[in-house]
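Structure first, then comments.
Numbers for residues simply follow the sequence, beginning at 1.
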Amino acid sequence: MTTPSATTPSTPAGTGPHGGADLPAGGPRGRGSLGPVGLVLAGGISVQFGGALAVTLMPRAGALGVVALRLLVAAIVLMVLCRPRLRGHSRADWGTVIAFGVAMAAMNGLFYQSIARIPLGPAVTLEVLGPLALSVLASRRAVNLVWAGLALAGVFLLGGGGFSGLDPLGVVFALGAGAMWAAYIVFSARTGRRFPQADGLALAMGVAAVLFLPLGIAESGAKLLDPTVLGLGAAVAVLSSVLPYTLELLALRRLPASTFAVLMSLEPALAAAAGFLILDQALSATEAAAIALVVAASMGAVRTQVGRRKAGAGL
């Protein structure tokens with residue numbers, strides 16, 4: 001579960017996507033910044049290897065079943081750890097957290113439908129276009145057209161001029177997940193402003209789990225009660241949500257949110273590595289170049305956004 005900083009909804013990186021957290025902005029970078037950088041990278045690796053493990057679980061429980069298990073286990077863990085208050089919130093507060101939960105459920109459901117059909121690396125590369133587009137639109141700077149063009153060039157290479165090498169439905173699901181990731185970023189920021197600590201995240205995860213559980217039961221039924229499926233599903237939840245959330249939360253106490261966003265831009269590359277090592281999903285030279293272009297575009301957009309904030313602060 002990777003997440004953009006709740007205070008920087010325009011960054012194209014983050015919560016990963018597939019869980020999320022309302023993370024505080026980091027403090028100034030110190031000499032010990034290598035430690036938090038390592039924590040962030042470990043969190044990103046955990047997310048993508050959790051996604052690879054989810055792919056191996058899909059033949060047993062189906063894509064919807066895996067998502068239901070992941071969200072349910074993550075919700076239980078976060079509710080126990082955070083113990084959020086259920087009373088004292090306004091209708092606007094609940095409306096925001098419910099919208100956050102819907103976006104989270106849709107993002108996870110669409111992404112897992114995607115990786116059931118296309119390799120993990122290309123799926124994450126296409127998905128990251130959603131946050132990247134949000135960053136470009138929010139910035140409104142001409143230089144971001146360069147980053148958008150670079151990303152589109154990467155997508156063109158990835159699709160070979162028409163995505164003939166990828167399942168078209170998988171591509172559509174990945175792009176839909178990207179759109180939901182952008183919505184997730186917006187509502188994550190709003191939730192972070194309305195709820196203390198990670199209370200909003202825990203409540204939103206609960207909403208997502210409640211929404212998705214009927215879909216998982218409808219697809220997988222009694223398979224979800226199989227001890228092996230439950231065990232692997234819990235492992236996916238820990239790797240993709242609980243562990244990376246904890247690592248990122250610790251890292252952002254000492255790491256600037258801007259640096260965190262740049263590191264999160266590496267997710268497509270980490271996903272490609274996880275797909276190769278766990279699922280034997282080798283990339284062609286063209287696909288590797290496409291992923292590199294999208295990673296470069298995402299990093300460039302983040303750095304442009306950071307430069308804009310610094311310039312504004314100096315006025």
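- Linking Ile, Leu, Val, Met, Phe, Trp and Tyr residues whenever their side-chain heavy atoms come within less than 4.5 Å places Y184 and V186 in a single cluster.
- Scored by the side chain to side chain contact (heavy atoms under 4.5 Å, CB included) test, I217 finds L213, L224 as partners (sequence neighbours excluded).
- Counting heavy atoms from C-beta on, the side chains of L232 and V236 never come closer than 4.5 Å.
- When the side-chain hydrogen bond (donor to acceptor under 3.5 Å, both in side chains) test is applied to D93, the partners found at least two apart in sequence or on another chain are S90, R194.
- Going from atom CG of L215 over to atom OG of S220 covers 10.5 Å, rounded to the nearest 0.5 Å.
- Legend: residues meeting side-chain hydrogen bond (donor to acceptor under 3.5 Å, both in side chains) with Q281, ordered by chain and number and at least two apart, are absent.
- With sequence neighbours excluded, the residues forming a side chain to side chain contact (heavy atoms under 4.5 Å, CB included) with L169 are R117, D167, F173, listed by chain and number.
- Contact record, A208 with G101: CB-O, 3.5 Å, taken as the closest heavy-atom pair.
- With rounding to the nearest 0.5 angstrom, the CD1 atom of I115 is 5.5 Å from the OH atom of Y112.
- A distance of 8.0 Å separates CE in M104 from CG in L71, rounded to the nearest 0.5 Å.
- Closest approach of L126 and L175 over heavy atoms only: O-CD2, 4.0 Å.
- Of all heavy-atom pairs between W181 and M107, the closest is CA-SD, 3.7 Å.
- Put simply, CD1 on I278 and CZ on F49 are 5.0 Å apart, with the number rounded to the nearest 0.5 Å.
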Result block: side-chain N/O donor-acceptor pairs under 3.5 angstrom for residues 73-88, not counting sequence neighbours:
residue	atom	partner	partner atom	Å
R85	NH1	R87	O	2.6

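- The closest donor-acceptor contact from the side chain of T96 to the backbone of A92 lies under 3.5 Å.
- Using cut-offs of 30° and 60° for the angle between ring planes, the F195 and W94 rings count as perpendicular.
- Residue A274 comes nearest to Q48 through the heavy atom pair CB-O, 3.7 Å, listed as atom of the first residue, atom of the second, then distance.
- L211 is connected to L203 through a chain of hydrophobic side-chain contacts under 4.5 Å among Ile, Leu, Val, Met, Phe, Trp and Tyr, so both are in one cluster.
- Atom CE of M205 is separated from atom CG of N108 by 7.5 Å, given to the nearest 0.5 angstrom.
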Show me the side-chain donor-acceptor pairs of residues 51-66 shorter than 3.5 Å, one per line, residues at least two apart or across chains.
residue	atom	partner	partner atom	Å
T56	OG1	L53	O	2.5

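- Scanning both residues, T228 and D226, for their nearest heavy atoms gives N-OD2, 2.9 Å.
- When all heavy atoms are compared, the tightest approach of F100 to L201 is CE2-CA, 4.2 Å.
- The closest side-chain heavy-atom distance from F111 to V124 is below 4.5 Å.
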